[in-house]
Every structure is written in structure tokens, then in C-alpha cells.
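Every value quoted in this text rests on a predicted model; they were computed, and no experiment measured them.
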Amino acid sequence: SRDTQRVFTTAQPGLSRGSGGTCSSPFVCKMARLWPLLAVTLTVLALSASTVHARIHHLELKAEMRRYFIVSSFGLIQGGNITLQTSDLIANDLTTRVGFTIHRSSAESTDYILEQRSEADCIFSSLLDNTTVRLPLDLDTGEFEDPIDQMDGLSLNISSLVEDKTTWQQAFLEVTNFESENIYTIAFHICGPIGAAVDLNMRLVEVNPGDYLGAGLANLPQVLFAMSVVYFLATCMWIRVIFLNRHSPHLHKIHYLMLLLVITKTLSLLFHGVDYYYIKVEGAQEEGWAVTYYIMQISKGVLLFITILLIGAGFGFIKHVLSKREKQLFVVVLSLQVVANVAMIVVEETSEGTAVRTTWRTIGLLVDLLCCGAILFPVVWSMRHLREASSIDGKAAISLQKLQLFRRFYIMVLAYIYSTRIIVYLIESTIPFRYEWVATLLDELITLLFYCVTAYMFSPLPDNEYLQVPQEDEEESIPMNEIVTTSGVADGLRNTRTGATTENPNQSRAETSIDDGIRKKKRVSVDD
């Protein structure tokens, strides 16, 4: 693998400014401050990331104390091979054994963790089945010892080579028959008491006939390209809806934000497909396409959460001002999105076996779940407000109609989160290794369905049920049939229903009759 330096350049978007050169609102200022933070963080992160070229890994261990970790997993088909190289092995006095294991299937690779009961347990002295091959390293010379066990359908050759005055110990593994095709997982082990540590340089190249992607990911570039075309068609349809309703009073700024979201989603899928194409052909990312994909992916994630938050708060549809609590929630969610995107880039840009990758992967999952939970709060607040408003006389019908619509959106967001975060993961963990790409396809189809249903619910069409909800307070509006004018004929007359009193009941009834007649006549006139 060749060493490269990743340089991320992120342009700072212009701030919305009013007269005097200041932000148009404090909320806009807070939102704008997040972008420089994101740009600086990504740049520092990219410059300090470990070198990894997709299926060509270079991992450097320094004072490594983890007793067990997975280096890589790869779906091998007949003729596929893995080349494992090591150099510069240094172990401290507490280390008793060091080496690798090759497991056929991902389930087998995790059994060792569950079976460990004491510090004395070492996989190189345990009895295993024929689905695991053990490759111990000599602590003095750093060379591979004779492999322990053999695996049917997997050939193994051990050799050494000198490159740039560095001696590399090499193990070459190849799948020789169709029955042995599976996911092969390489794990690294350190045996010894607490405090055992090693230094080691490691290189790993995984390749199948014709491409560097695993058997389950070979179709992933085509899937991503196809979904980008589908999203492009959806973008054209939404542009048509906006154009046909460009003069409609129901067209709001959030509809343009939804358009921007679909555009970034389309570009994100396109650049992701290009990135995987170069990995498939060359085994390495093309730096320019990878950076472009990261920018589009980050923009898509931020726009998605902003759109859901604004729709959940009813901004642009039933109100035009966000409350202080909603603005604070916006800042919190977008800050979490910065952390989630940083975690995503760390996971993408570091080797699978590094400790920092495991840490950031966990952080990313937790932060993503927090964001998914936080975006539900505006919907819950709106539902509670409408439930309280439905008990007020004169507002029950309209408030209940609003409440029903918010409940639909709430259920839809919950279904989207549950499907993309849990169901897709379960499917990915259970389907055969050749069909790993199906999980990505299912995730994109669920997201497309969520986008389409949201666009249908909040489209700027004149007959949209949601947009027909009155935006002004009903108590402030005065029905036309209640407008009453007065004339000189009724001057001096009082109506007992308004709280006035009179000494003569007959006179009071006469005044009331005259007053009612005048009002009725004037109402007919106004209605006409």
C-alpha cells in the first residue's frame, strides 16, 4: 500500500446577514457557528487519521494491550485470497504467545471472547474445530511458526520478503473450492497476564477474482448508482411540484429546504457509488471522490435532521416563529450531528483493528440514537399543545385535526428510525454473506419511502389537508355574519342582553324588538 496524505477542505458557508453586517437573528448566529467547528474538526481529524485503503490495510500497533481484536472480515469466493504481512515484532516480558487466527464465518470469530474464563486461557493452546486456523508468531524472531490446524478448502503458504530494508513475514491464504466460500475473519491475539503488550507493523491485502470488494459487497456500486438515479427522478418530480405551485400561498421556505435535502441525498449516493467503484477496481479510495462523498454525506445528515425538526415544530405551516426551547433543541441536535459525522469519518478512514475505530464507532452509534430521540421532542410538544388547545371552546375541531396529523408524522418518524437503525441491522446480520448489499438497498428504499410520504403529507398543493389548517387564532377572527352596524334610528336604545337594565319591562321588550330587527336587517345587507 502506498502512503498518502488526506487533506480535507471545507468551505465555510456564508452567514445570513441583515443591515449593519450582523446576523439576522441570534438563532442564525448559533447555527452558523457550528459550520467552522465542523470544518476545523474534520480537517484535523483527516490529517491525523491512520492510513487505510479500503481492502488494503496498514496497521501499526504501539504498546498494544488488547488481548483480542478483529483485524478484518472479508467475503472470499473461489480464487479469492488474503495476504497477511508482519514486521518489527517487539513483545514485553509478560507476553507469552502472540499470533493470528483465521475464522470461517463471523460467528466463529466471536466465540473466543465468550469462552475466555481466565488470564491463563490462550487460543494457541486450546482445542478448536476445523473452522479455525491458528498462526502463532515467534516472539524472538518475529517469524510465523508452523500453522496449527488445517482448514478444508483453504491453502496456506508462509514466506518472507525484504522491502526497503525491512523484512516482512508473509502468510498467503487462498480459497480453493466452491464449498469453502464464506466470510473469513482474521483476528489478533495476545496471551499473557494483565500488562502484556506488543509492538507490530501489519499489512493486509484482500482480493477476489476481478475486484477488491468482498463477495457480499461486489454489487454495491451498482446498487448505489441505481438509487442515485431513483432519487434524481424524485428530485425532478419535487421541482415540478414547486414550479407548478410557485404562486401558491401554501408554498413555504421549508419546501425549498426539502428540495435541497433530496439533491444532497442524490449526490451523496452518486459519490458513494463512485468511491466504492474505485475500491472495487483498485482496492483503494480515490481521494477526491472520497472527500466529496464525505461533504455530501455530512450535508445530507444535517439537512435531514433540520427538516424533521422544522416539520415536527410546524414551522412554516402552522407557525412562523420557533420557541426558545425549540431553538435550543436545534443547537443541541446539530452539535450532536457534528460529533456523529466526525465518528463516521474516523470509522471510514481508519483500519478495522484499531482501538480508536472501535471507540468512535460506539460513540457514533450512541450519538445517532440521541439525535433520533431528540428530533421527536418538537412533535411531542406540538401534540401536547394541541391536546390542551382541543379543550378550549371553539377550537376543539381544528385542534383535533392538527393533533391527528401530528400523530401520523410522529408514527412515521418512529417507523423510519426503527426500520433503518434496528431492522436493517438485524437483516444484515442474518442474511447470507453473498447478499450483504441487500441491507444497503433496503435501507435506501426505506429512506426513499420516508421522503416520499413526507413530501406527500406536506406538499404545497391547494387540496393538501395539512396546509388547509388555519394559521391565525380563531378567537381573533370576526365572522362576517356577526358584523353589526348602527344607525341613528337605534340611538339611545339599550339591549337587556348586554347587561343593561330599564325601569319599564314593556319598554325594554320594545327596545329589544327594535334592536333585533335592525340587527337582522343589517346582517342581511352585509351578507348580500
**Request:** For Gln85, enumerate each residue passing the side-chain hydrogen bond (donor to acceptor under 3.5 Å, both in side chains) test, keeping only those at least two apart in sequence or located in another chain.
**Result:**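 With neighbours one apart ignored, the set is Gln170, Arg203.
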Got a second to check how far [X]'s [atom1] is from [Y]'s [atom2], nearest 0.5 Å?
{"X": "Asn182", "Y": "Leu76", "atom1": "CG", "atom2": "CG", "result": "9.0 Å"}
{"X": "Leu303", "Y": "Leu310", "atom1": "CG", "atom2": "CG", "result": "10.5 Å"}
{"X": "Leu135", "Y": "Thr101", "atom1": "CG", "atom2": "OG1", "result": "8.5 Å"}
{"X": "Asn201", "Y": "Leu61", "atom1": "CG", "atom2": "CG", "result": "8.0 Å"}
{"X": "Thr358", "Y": "Ile363", "atom1": "OG1", "atom2": "CD1", "result": "11.0 Å"}

**Item:** Pairing residues for Gln297 by the side chain to side chain contact (heavy atoms under 4.5 Å, CB included) criterion, not counting sequence neighbours
**Value:** Ser268, Tyr293, Lys300, Met344
Show the atom names and distances, to 0.1 Å, of all donor-acceptor pairs under 3.5 Å that link a side chain in residues 368-378 to residues at least two apart or in another chain.
from	atom 1	to	atom 2	distance (Å)
Asp368	OD1	Arg421	NH2	3.0
Asp368	OD2	Arg421	NE	2.8
Asp368	OD2	Arg421	NH2	3.2

**Asked** Hey, are the side chains of Val71 and His57 touching, using non-hydrogen atoms and a 4.5 Å cut-off?
**Response** no
**Request:** Please examine the side chains of Val241 and Pro460, heavy atoms only from C-beta on, and report whether any two atoms are closer than 4.5 Å.
**Result:** yes
**Prompt:** Does anything in residues 224-235 pair up under salt bridge (charged side-chain N to carboxylate O under 4.0 Å, His left out), and if so which pairs, sequence neighbours excluded?
**Reply:**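 Qualifying pairs: none.
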**Request:** Write out all pairs satisfying side chain to side chain donor-acceptor pair (under 3.5 Å) with one or both partners inside residues 216-227, taking only residues at least two apart or from two chains.
**Result:** none
**Message:** Determine whether the aromatic ring centres of residues Phe69 and Phe188 are separated by less than 6.0 angstrom.
**Reply:** yes
**Request:** Inspect the contact between Glu64 and Arg66 and indicate whether a charged nitrogen and a carboxylate oxygen are less than 4.0 angstrom apart.
**Result:** yes
**Asked** If we ignore angles and hydrogens, is there a donor and acceptor under 3.5 Å between the side chains of His103 and Thr132?
**Response**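 Yes.
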**Item:** Residue pair Leu200, Thr86: steps toward the side-chain contact (heavy atoms from CB on, under 4.5 Å) verdict
**Value:** CA-CA 7 Å; Leu200 182 68; Thr86 63; 4.0 Å; yes
Side-chain polar contacts of residues 444-453 - donor-acceptor pairs under 3.5 angstrom, sequence neighbours left out - could you list them?
from	atom 1	to	atom 2	distance (Å)
Glu444	OE1	Lys265	NZ	2.9
Thr447	OG1	Asp443	O	2.9

**Item:** Trp238 and His255 aromatic ring geometry - parallel, tilted or perpendicular at 30°/60° bounds
**Value:**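 Taking Trp238 first and then His255, their aromatic rings sit tilted (interplane angle of 30° to 60°).
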